[in-house]
Protein chains: 2
Amino acid sequence: MQLKTIGEFGFIQRFAPKFSQLVDQKDGGIGDDCAILQINDALSHVVTTDLLIEDIHFLKDEITPKELGYKSLAVNLSDIAAMGAQPLYSFLSIGIPANTEVEYLDAFMEGYYELSEKYGVPLMGGDTTKSADRLVINVAVIGQGTTGDLRMRSMAEDGDVVAVSGFLGDSGGGLKVMLDGVERTPEALSLIKSHHLPEPMINEGLWLAQQAGVHAMMDISDGISSDLTHILKASSKQATVHLECLPVSKMLQKVGEQHDWNIHGLASGGGEDYELLFTVKCDAFDQLNADFQKKFGKPLYNIGEIKKGEPQITWMNNGVEVVESKHGFDHFK
Amino acid sequence: MQLKTIGEFGFIQRFAPKFSQLVDQKDGGIGDDCAILQINDALSHVVTTDLLIEDIHFLKDEITPKELGYKSLAVNLSDIAAMGAQPLYSFLSIGIPANTEVEYLDAFMEGYYELSEKYGVPLMGGDTTKSADRLVINVAVIGQGTTGDLRMRSMAEDGDVVAVSGFLGDSGGGLKVMLDGVERTPEALSLIKSHHLPEPMINEGLWLAQQAGVHAMMDISDGISSDLTHILKASSKQATVHLECLPVSKMLQKVGEQHDWNIHGLASGGGEDYELLFTVKCDAFDQLNADFQKKFGKPLYNIGEIKKGEPQITWMNNGVEVVESKHGFDHFK
């Protein structure tokens with residue numbers, strides 16, 4: 001039987017239960033954005049790691065080495081942000097083909113450093129080795145948070161608002177520009193930039209985790225269609241999402257209309273937005289949004305609600321139920 | 001300029017000083033087997049990560065998946081052992097070609113679990129993803145130690161004995177059996193097993209770190225010729241090593257004599273022994289060795305001594321100075 005038959009989640013399910021016997025009760029977080037390792041009653045470490053392989057996660061001809069260095073760290077910091085924790089240390093393993101130019105690597109480290117400096121996260125170690133042909137990058141980040149403030153996927157409650165911290169679909173749009181060979185207008189180039197230089201929501205995540213009304217939280221790496229389902233499964237809840245409420249940037253709107261893209265499909269399933277997806281006690285959302293705008297100068301977006309039921313998303317478009325298909329969302333029959 | 005011109009250490013030197021500005025004074029360990037992250041005055045976390053890439057670090061046709069799973073964790077636990085710390089948690093990133101059999105992955109996880117269970121180290125997270133063609137494995141391990149007990153490469157002192165915890169060269173001999181297509185006698189197969197199933201010296205490392213006479217310590221991953229030089233550079237010391245004192249197993253002796261191998265070369269430079277290399281206050285060594293034998297049922301080996309001077313190794317063979325060459329050790333002219 002080949003891996004593609006059962007998929008990566010199917011593979012993880014084959015060994016995870018056995019390993020869980022070894023886990024100390026005070027620790028946890030398997031299936032969350034980070035593992036949670038309790039240091040003491042007050043403080044926990046959170047740990048995440050992400051593997052990026054050339055031609056699977058990035059195309060060397062499209063992303064500059066500086067952007068790649070930045071993004072390699074950013075996707076990990078985003079997982080720390082999703083827990084509501086502060087990143088402390090990073091570790092970089094890099095497998096390098098022999099013919100790689102040192103200047104390429106210097107630029108990679110420049111991008112990695114830029115983000116390290118921005119959030120005060122030192123690179124503390126790693127592994128530098130040869131690779132047969134493709135560039136391989138693994139980053140691990142350790143963060144720290146107040147044990148009681150950490151937010152997990154399992155914390156959604158009935159009646160919660162489903163919210164996101166920013167535009168959805170720009171990164172997926174950027175990938176589509178590259179893969180479809182779309183004309184590189186200024187807007188199309190901005191979408192590519194969103195794909196190559198995601199900004200981890202560190203300060204936003206820390207702040208949200210300190211607000212009592214905020215329940216479940218994660219970052220959007222695969223698109224809300226997949227990611228919200230993780231929250232629903234972990235919390236044993238159902239959700240309704242209103243497509244017309246998904247925040248879409250003007251540039252995605254413009255490029256999408258020019259090329260007849262399925263914009264709702266990109267906003268819900270494009271992936272790699274690295275915005276925060278979270279649930280909030282219903283009557284706390286408006287004040288939270290006002291406070292968030294005051295602090296960060298940008299709004300939160302209410303895109304749906306949590307309810308009792310089997311873990312699944314009901315999609316609505318202007319009050320009419322629709323179903324997700326390969327081509328986007330169709331009227332429910 | 002290509003990477004091969006400056007090598008991996010040359011590359012690290014290009015960015016490490018810049019990043020060191022971001023490191024908190026209480027933390028450290030860059031250049032050691034693990035990074036040291038101080039939790040409080042008494043306790044520190046230590047962190048290591050190792051990247052293994054198919055056709056660079058292992059040959060899929062030679063190593064069984066179960067052995068590969070075991071070894072992927074073992075090489076990291078060995079770094080924790082080298083600090084004198086207790087391993088606590090592991091994180092596994094794995095990039096898998098699409099045509100990989102699930103049974104292969106199950107066996108890999110079985111080997112990984114065997115060692116996890118042996119030392120009570122739970123797998124707490126990671127990343128499972130596609131790879132274009134080659135299997136890619138990155139393991140990160142977090143350990144914990146008493147801050148004052150941790151052993152670093154910089155701790156060697158004048159007059160120390162240089163010691164190792166077991167046989168040298170078996171693993172390098174096993175690799176040579178595979179690469180040279182040597183006949184697979186029972187002894188040759190045992191050498192291959194040493195290469196594929198290294199045993200991390202966790203308990204030995206913890207015990208040694210609690211002995212006051214033990215100074216610098218590291219694990220032997222590249223061979224003592226390279227690894228002892230790391231200790232000498234970090235400690236600003238010189239060493240003399242006596243080739244006739246290097247502990248060589250009977251099986252390496254036998255296979256080596258059959259095929260006219262340079263056994264001193266394998267013992268000093270073969271690599272991947274994953275024994276401990278450490279320095280001990282001269283007058284403490286005999287008692288330490290007696291206590292070690294009592295506790296672990298095997299001896300330590302005194303292979304040389306530390307002295308003042310530029311960081312380099314003087315090699316002696318039965319009282320005569322020799323120099324390292326491509327073919328082994330030649331008389332010093």
Side-chain angles (χ1 to χ4, degrees), chain A residues 1-6 8 11-12 14-15 18-19 22-24 27 29-30 34-35 37 39 47-51 53-57 88-89 91 93-96 98-103 105-106 109 113 116-117 120-132 134 136 138 140 142, chain B residues 1-6 8 11-12 14-15 18-19 22-24 27 29-30 34-35 37 39 47-51 53-57 88-89 91 93-96 98-103 105-106 109 113 116-117 120-132 134 136 138 140 142:
Chain A
M1 181 169 61
Q2 294 197 333
L3 177 63
K4 55 191 169 192
T5 313
I6 57 165
E8 289 145 25
F11 167 51
I12 294 170
R14 289 170 82 91
F15 64 79
K18 198 168 155 188
F19 278 93
L22 303 178
V23 179
D24 195 307
D27 299 321
I30 290 181
C34 292
L37 316 175
I39 302 176
V47 185
T48 184
T49 181
D50 269 304
L51 181 60
I53 300 176
E54 184 179 342
D55 293 334
I56 299 287
H57 301 94
L88 293 184
Y89 309 105
F91 300 84
S93 299
I94 180 164
I96 310 169
N99 63 354
T100 305
E101 295 288 326
V102 173
E103 291 72 16
L105 298 170
D106 286 346
M109 292 312 303
Y113 183 79
S116 302
E117 191 187 29
V121 184
L123 173 63
M124 292 298 291
D127 191 13
T128 306
T129 182
K130 286 188 192 64
S131 174
R134 290 181 172 82
V136 172
N138 191 85
I142 301 181
Chain B
M1 182 169 61
Q2 294 197 332
L3 177 63
K4 55 192 169 191
T5 314
I6 57 166
E8 288 145 27
F11 166 51
I12 294 169
R14 289 171 81 91
F15 64 79
K18 198 167 156 190
F19 277 92
L22 303 178
V23 179
D24 195 308
D27 300 320
I30 289 179
C34 294
L37 317 175
I39 301 175
V47 184
T48 183
T49 182
D50 269 305
L51 180 60
I53 299 176
E54 185 179 341
D55 294 333
I56 299 288
H57 302 94
L88 293 184
Y89 309 104
F91 299 84
S93 300
I94 180 164
I96 310 168
N99 64 354
T100 305
E101 295 289 326
V102 174
E103 291 71 17
L105 298 171
D106 286 346
M109 292 311 303
Y113 183 78
S116 302
E117 192 188 28
V121 185
L123 172 64
M124 292 299 290
D127 191 13
T128 306
T129 182
K130 285 187 193 63
S131 173
R134 290 182 173 82
V136 172
N138 191 86
I142 301 181

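Order of the sequence lines fixes the chain letters, A, B, ..., with proteins taken first and strands second; residue numbering starts at 1 for each chain.
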Exercise. Evaluate the ring planes of A:Phe91 and A:Tyr89, with Trp represented by its six-membered ring, and classify them as parallel (under 30°), tilted (30 to 60°) or perpendicular (over 60°).
Key: tilted

Practice problem: Ignoring hydrogens and angles, tell me if any N or O in the side chain of A:Asp127 forms a donor-acceptor pair with the backbone of B:Leu51 under 3.5 Å. | Solution: yes

Quiz item: Considering only heavy atoms from C-beta outward, does the side chain of B:Thr5 approach that of A:Val102 to under 4.5 Å?
Solution: no

Practice problem: Below 4.5 Å from any heavy atom of chain B, which atoms of A:Leu3 appear? Answer side chain, backbone, both or neither. | Solution: both

Quiz prompt | Choice from B:Thr49, B:Val136, B:Asp55 maximising heavy atom contacts with chain A below 4.5 Å | solution = B:Thr49

Quiz item: Can you say whether B:Leu88 sits under 4.5 Å from chain A via the side chain, the backbone, both, or neither, judging by heavy atoms?
Solution: neither

Quiz item: Using non-hydrogen atoms only, which part of A:Tyr113 is less than 4.5 Å away from chain B: side chain, backbone, both, or neither?
Solution: both

Quiz prompt | Contacts of A:Glu103 that satisfy salt bridge (charged side-chain N to carboxylate O under 4.0 Å, His left out) - sequence neighbours left out | solution = none

Quiz item: What are the two closest non-hydrogen atoms of A:Arg14 and A:Met1, and how far apart are they?
Solution: NH1-CE, 3.6 Å

Quiz item: If you count heavy-atom pairs under 4.5 Å between each of B:Gly120, B:Ala140, B:Ser131 and chain A, which one has the most?
Solution: B:Ser131

Practice problem: State which residues pass side chain to side chain donor-acceptor pair (under 3.5 Å) with A:Glu101; sequence neighbours excluded, sorted by chain then number. | Solution: none

Quiz item: What part of A:Ile6 lies closer than 4.5 angstrom to a heavy atom of chain B: side chain, backbone, both or neither?
Solution: side chain

Practice problem: Would you mind telling me which of A:Leu37, A:Val23, A:Val47 has the largest number of heavy-atom pairs within less than 4.5 Å of chain B? | Solution: A:Leu37

Quiz item: Checking B:Leu123 against chain A: side chain, backbone, both or neither under 4.5 Å from a heavy atom?
Solution: both

Quiz item: For the candidates A:Ile142, A:Thr100, A:Thr129, which exhibits the highest count of non-hydrogen atom pairs separated by less than 4.5 Å from chain B?
Solution: A:Thr129

Quiz item: If you take all heavy atoms of A:Met124 and B:Ala35, which pair is closest and at what distance?
Solution: O-CB, 3.5 Å

Self-check item: Portion of B:Asn138 that has a non-hydrogen atom of chain A nearer than 4.5 angstrom
Solution: side chain

Self-check item: Closest non-hydrogen atom pair, B:Ala132 against A:Glu54
Solution: CB-O, 4.5 Å

Exercise. Please flag which part of B:Leu105 lies under 4.5 Å from any non-hydrogen atom of chain A: side chain, backbone, both or neither.
Key: both

Quiz item: A:Val121, A:Ile96, A:Ile39: which one forms the most heavy-atom pairs within less than 4.5 Å of chain B?
Solution: A:Ile96

Quiz item: Which bit of B:Phe19 is near chain A, if near means a heavy-atom gap under 4.5 Å: side chain, backbone, both or neither?
Solution: both

Quiz item: Which residue out of A:Lys4, A:Glu117, A:Met109 racks up the most heavy-atom pairs below 4.5 Å with chain B?
Solution: A:Met109

Quiz item: Is chain B contacted by the side chain of A:Asn99, its backbone, both, or neither, given a heavy-atom distance below 4.5 Å?
Solution: both

Quiz item: Pick from A:Thr48, A:Asp24, A:Asp106, A:Ile94: which one has the most heavy-atom pairs with chain B under 4.5 Å?
Solution: A:Asp106

